[in-house]
Protein chains: 2
Amino acid sequence: MLISEFARAADLPVDTIRFYITKGLLKPERSTKGGSNPYQVFRKEDVTAARMIRLQQTLGYSLGEILELNEEYRAGEHSPERTVEVLQSQIARLEERKAALDQALSFLRGKVDWIKAGKPEGAPRLEDYQC
Amino acid sequence: MLISEFARAADLPVDTIRFYITKGLLKPERSTKGGSNPYQVFRKEDVTAARMIRLQQTLGYSLGEILELNEEYRAGEHSPERTVEVLQSQIARLEERKAALDQALSFLRGKVDWIKAGKPEGAPRLEDYQC
DNA sequence: TATAAGTATGGAGTACAGTCCATGGTCAAG
DNA sequence: CTTGACCATGGACTGTACTCCATACTTATA
């Protein structure tokens with residue numbers, strides 16, 4: 001799969017993909033085609049990798065952090081224990097974020113209830129929620 | 001409360017607060033003190049507002065979007081129905097994000113289980129999760 | 001074999017979210 | 001009434017994550 005097809009598959013602009021490659025986030029193979037500037041060929045795992053990057057971004061990781069995480073992941077690829085460790089730490093961060101999100105939801109729902117109750121004393125305060 | 005005290009209360013750098021003010025995200029009052037450049041005074045609701053901004057940021061909103069949301073909120077402030085509507089739409093967006101997060105967690109947990117099971121056929125694929 | 005479409009590389013430019021700094025005014029304590 | 005802490009404003013600067021060329025080469029199609 002060449003870059004434009006990959007771009008469609010990953011739903012990302014070609015330029016963004018090239019940018020990720022320069023950052024080391026994607027490492028496509030090189031084709032024999034393309035002469036002195038050989039074409040880059042992408043595997044279907046690269047599509048998964050690209051989706052993973054976008055997901056991690058929405059979770060608040062910077063590209064630098066994502067790179068670290070992914071390198072760490074690759075480094076322990078042949079040790080199931082290490083792989084599980086890396087995954088667990090990602091799960092932990094995700095759960096933290098989820099907890100914050102739940103707190104925020106509680107706050108907003110509490111506020112709706114408070115308004116529906118005719119705004120009695122003691123409006124819900126965000127400070128009372130650990131998020 | 002003046003800006004440095006507010007900065008401590010909101011746990012933000014003074015410069016960031018000034019930046020938010022120029023963006024219209026915070027609207028402190030003006031003191032009579034300070035001569036030709038009157039001091040800005042902050043209420044305790046501003047602390048809540050600042051926390052809300054940071055929360056919205058972690059949820060992936062840009063400052064521009066946060067500004068829109070908050071203006072929309074203020075616009076309907078005197079109509080309980082409208083306020084509830086705005087809150088409901090925020091809740092809906094938050095729930096979407098939470099759903100994506102849950103999908104991601106399922107994926108990662110599935111991967112851990114798969115590894116612990118000795119990596120049988122059919123590795124979990126991120127593409128199979130709507131996140 | 002011309003020509004359009006696709007590709008690689010390098011570098012400039014942009015948007016966003018701050019962060020830093022110089023200047024100058026103000027206030028409160030001693 | 002001086003001095004040190006605090007405040008406002010404007011502008012320059014930074015890092016991140018793209019985004020947009022210009023140039024040049026390669027490939028596939030008619």
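Fair warning: this is a prediction, and the values are worked out from it, not measured in the lab.
In the model, B:R51 has no side-chain atom that pairs as donor or acceptor with a side-chain atom of A:Y129 under 3.5 Å. For the residue pair A:R82/A:Y73, the side-chain donor-acceptor check at 3.5 Å is not satisfied.
In this model, the phosphate group of C:dG18 is approached by a side-chain N or O of B:Y20 to a distance below 4.0 Å at OP1 or OP2. Side-chain nitrogen and oxygen atoms of B:R18 include none within less than 4.0 Å of the OP1 or OP2 phosphate oxygen of D:dG11. OP1 or OP2 of C:dA28 has at least one side-chain nitrogen or oxygen of B:K33 nearer than 4.0 Å. OP1 or OP2 of C:dC16 has not a single side-chain nitrogen or oxygen of B:Q57 nearer than 4.0 Å.
Between A:I17 atom CD1 and D:dA17 atom P the separation is 17 Å, expressed in whole Å. Atom CD of B:E29 is separated from atom P of D:dC7 by 17 Å (rounded to the nearest Å). In this entry the distance linking CE of A:M1 with C1' of C:dT7 reads 16 Å, nearest Å. Atom pair B:E65:CD and C:dA15:P shows a separation of 16 Å (rounding to whole Å applied). Per the geometry, CG belonging to B:L12 stands 11 Å off C1' belonging to C:dG18, to the nearest Å. One atom, CG of A:D15, and another, C1' of D:dC21, lie 9 Å apart when rounded to the nearest Å. A:F6 has its CZ atom 12 Å from the P atom of C:dA8, to the nearest Å. The separation between A:L2 atom CG and D:dT27 atom P is 11 Å, rounded to whole Å.
The 5' end of DNA chain C is approached more closely, in terms of each residue's nearest nucleotide, by B:R54 than by the other of B:R54 and B:G35.
Of the candidates C:dA8, D:dT9, D:dA17, the closest approach to any side-chain atom of A:Q40 belongs to C:dA8. In this structure, the nucleotide among D:dT9, D:dT16, D:dC7 sitting nearest to the side chain of B:R30 is D:dT9. Checking D:dA17, C:dC27, C:dT7 against the side-chain heavy atoms of B:Y39 singles out C:dC27 as nearest. Closest to the side chain of B:S4, from the set D:dA8, C:dT26, D:dC6, is D:dC6. Out of D:dT16, C:dA17, D:dT19, the shortest distance to the side chain of B:F19 is found at C:dA17. Across C:dA8, D:dC7, C:dT19, the shortest atom-to-atom separation from the side chain of B:I3 is found for D:dC7.
Formation of a donor-acceptor pair under 3.5 Å by the B:W114 side chain with backbone atoms of B:P124 is not found in this model. Side-chain atoms of B:D11 do not come within 3.5 Å of backbone N or O of B:R8 as any donor-acceptor pair.
Note on B:L105 and B:V112: same hydrophobic cluster, where clusters join Ile, Leu, Val, Met, Phe, Trp and Tyr whose side-chain heavy atoms are under 4.5 Å apart, directly or indirectly.
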